[in-house]
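Single-structure report; data block below.
Naming: A, B, ... by sequence-line order, numbering from 1 per chain.
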Amino acid sequence: MNQLIDAKNITLDPDKLVSHDKIATSMYSSLELFEQEQEKIFRKTWVWVAHASEVPDKGSFKLSKVGREPVIVVRDRKGNIHVMVNRCRHRAATVCEIHKGKTSSFQCPYHGWGYGLDGSLRALPYPEQYGDDFDKSQHGLLKLRTESYQGMIFATFNDDIEPLEDFLGAARKWIDLFMKQGGGFPVKTLGEHQFSVPMNWKVQLENTTDAYHFPIVHKSFLQSLDEEAEKTFTFLDGEGFVEDLGNGHSVMVMIPELVDLDADLDRKIPERFEALAQELRDEGYPEDQVRRIVRAVGGSGFNLNLFPNAACSMAFFRILTPVAVDRTDIRHIAIGMEGGPEAANRLRLRLHEHFQGPMGFGSPDDAEVWERIQRGVDGGAELPILVNRGIEKEFQGDAGPRGHVSDETGMRAAYAMWKRMMQE
Amino acid sequence: MNKTDTDNLLWQVTQFLWSEAAILDAKEYDAWLDLWQPEGLYILPIEDADDYAAVLNLCYDDDKMRRNRIKRFQDGFSISSAPPAITVRTLSRFVIDAVDGNTVVVSCGQHLVEDKFGRQRLWAANVRYTLTSTGSSFQIQEKVVRLLNSDGVLNSFSYLF
């Protein structure tokens with residue numbers, strides 16, 4: 001396991017870059033590799049672009065990215081969702097620079113070409129100069145194949161890829177469990193934190209399936225909790241696990257009693273949620289619903305990592321966007337209960353702010369160590385990056401190899417998928 | 001108020017806010033906590049809102065969260081703040097928006113430069129303070145710092161605005 005990598009002769013051969021137990025340093029630093037990843041991964045697979053509640057109404061849109069490519073996610077008048085490249089078919093100007101909103105069409109600011117909500121070219125000034133055989137139907141915005149699961153909208157440039165549900169496979173069960181955070185209401189997004197970190201995107205991909213770092217990097221977060229909550233988040237000694245779910249996806253169960261939020265509703269309400277429980281009782285919610293909502297507010301006890309860019313991470317969506325070989329943008333999207341009690345959603349917001357985002361008690365420390373990785377790989381190109389933790393004790397779980405909660409099983413799952421896609 | 005009173009108030013407020021800025025650059029956080037009223041709110045919004053409690057913010061700190069945040073900075077277990085970025089900030093363009101009894105609402109512009117890992121970053125913000133006059137000085141009732149790109153892609157912060 002400690003053998004060095006022949007850095008001088010490192011090629012772009014995925015087989016040499018990724019072994020089951022280690023990856024090469026250039027995985028984080030090679031510009032050429034980064035360009036290949038855009039083509040072979042981000043253009044070839046399903047990429048998470050939005051949650052349905054971000055485009056709630058007819059005409060609602062929001063800007064997103066598929067890899068580095070700017071896209072518009074929009075709901076048309078029939079309620080169908082379209083994802084299309086934000087680029088006029090005439091001379092390439094973006095047709096929208098508003099982050100989110102509502103519209104009836106998109107118009108290019110340069111020469112006024114106008115597009116419908118489904119991306120079709122509707123009108124252009126002085127069309128007669130293009131001649132009689134100009135076919136508007138061939139000049140719509142470039143559209144991506146778009147499918148959704150449980151409100152999560154994915155898009156792909158690859159028309160030949162399997163249906164989204166097949167791609168998600170064993171991860172679907174965990175998405176279903178994650179959405180129980182609606183507490184009986186539909187899940188809706190409540191805003192997002194966005195921050196950029198000087199690191200390769202795969203450093204972020206790994207982190208969502210890395211419980212090993214939690215007590216070290218997040219010690220100051222743990223210290224800010226009450227004793228009961230601190231105990232809940234001290235999970236490395238518990239019964240948690242990491243499991244490979246296939247196609248690069250994995251789940252990391254940190255708090256097993258918070259996997260199914262509809263189960264064990266008679267469990268004691270944690271002290272930090274007592275005030276909320278009382279508020280809901282005072283509002284007239286029956287006890288069983290109070291318990292269900294309070295349990296949902298606390299979030300799920302697992303991280304679901306979806307290759308290549310999304311995660312259902314305990315109580316929020318974590319979305320990564322590769323910007324450059326050494327720069328990654330991250331969105332931490334808060335979620336809550338559509339039509340649920342205001343007090344519950346407010347507490348969700350405060351809990352999100354507590355850990356996540358540029359001023360959270362958790363994310364800045366994550367960002368620091370991620371940047372330290374990117375700074376570290378400037379040295380020792382021949383040294384491998386180890387992803388071998390727990391490799392010998394792994395056993396077959398429900399869907400794939402399973403290891404201890406602190407094991408690197410999820411990273412091995414992601415890198416196996418990376419290798420498969422880069423070899424195609 | 002006549003012009004002399006207004007000028008006097010502006011000067012007193014300016015002195016207070018400059019001393020707060022110096023305290024934050026020096027990271028004398030215990031002194032900073034002393035500037036607050038216990039029920040005061042320290043807020044960095046993402047978007048404008050009538051009620052910041054109902055929306056997601058970068059931070060929404062009551063007294064308890066403020067103290068937790070300072071403890072986190074001071075205890076040395078947070079890798080991003082051990083050491084933190086160093087900062088130099090200036091506040092200017094003070095405008096007194098309202099005076100009501102002992103309460104003064106004042107707005108200003110802020111530029112802050114941070115330095116860490118040999119890299120400098122520049123942040124600009126509109127800041128609105130609600131202050132309570134104590135006679136000789138002020139206490140902070142509310143401080144709302146709206147970064148210019150608060151709804152955009154930011155970096156993580158190891159200090160306070």
Using non-hydrogen atoms only, which part of [X] is less than 4.5 Å away from chain A: side chain, backbone, both, or neither?
| X | result |
| --- | --- |
| Ile46(B) | side chain |
| Phe117(B) | both |
| Asp51(B) | side chain |
| Ser78(B) | both |
| Asp75(B) | side chain |
| Phe73(B) | neither |
| Lys64(B) | neither |

Please state whether the side chain, the backbone, both or neither of [X] comes within less than 4.5 Å of a heavy atom of chain B.
| X | result |
| --- | --- |
| Glu192(A) | backbone |
| Arg375(A) | side chain |
| Arg348(A) | neither |
| His354(A) | both |

Can you check whether Pro364(A) reaches Arg72(B) side chain to side chain, under 4.5 Å on heavy atoms?
yes
Taking atom [atom1] of [X] as the centre, report whether more than 12 heavy atoms of other residues, nucleotides or ligands fall under 6.0 Å from it.
| X | atom1 | value |
| --- | --- | --- |
| Glu271(A) | CD | no |
| Tyr285(A) | OH | yes |
| Glu227(A) | CD | no |
| Lys100(A) | NZ | no |
| Leu236(A) | CG | yes |
| His111(B) | NE2 | no |
| Arg372(A) | CZ | no |

CD1 of Ile79(B) to CD1 of Ile216(A), rounded to nearest 0.5 Å, is 11.0 Å
Write down the atom of Met359(A), the atom of Tyr159(B), and the distance for their closest heavy-atom approach.
CE-O, 4.1 Å
Gln194(A) side-chain N/O to Asp151(B) backbone N/O, donor-acceptor pair under 3.5 Å
yes
Looking at Glu353(A) and Cys59(B), would you say the former's side chain and the latter's main chain have a donor-acceptor pair under 3.5 Å?
no
Is it true that the NZ or CZ of Arg69(B) lies under 6.0 Å from the centre of Phe361(A)'s six-membered ring and within 45 degrees of the ring axis?
no
Just checking, Arg350(A) and Tyr60(B): is the charged tip under 6.0 Å from the six-membered ring centre and within 45° of the axis?
yes
May I ask you to name which of His99(A), Lys219(A), Arg346(A) has the most heavy-atom pairs under 4.5 Å with chain B?
Arg346(A)
Ion pair check, Arg119(B) and Glu371(A), cut-off under 4.0 Å:
yes
Could you check whether Ser80(B) and Asp365(A), counting side-chain N and O atoms only, form a donor-acceptor pair closer than 3.5 Å?
yes
Do you know which of Asp61(B), Leu154(B), Leu56(B), Val153(B) has the most heavy-atom pairs under 4.5 Å to chain A?
Leu56(B)
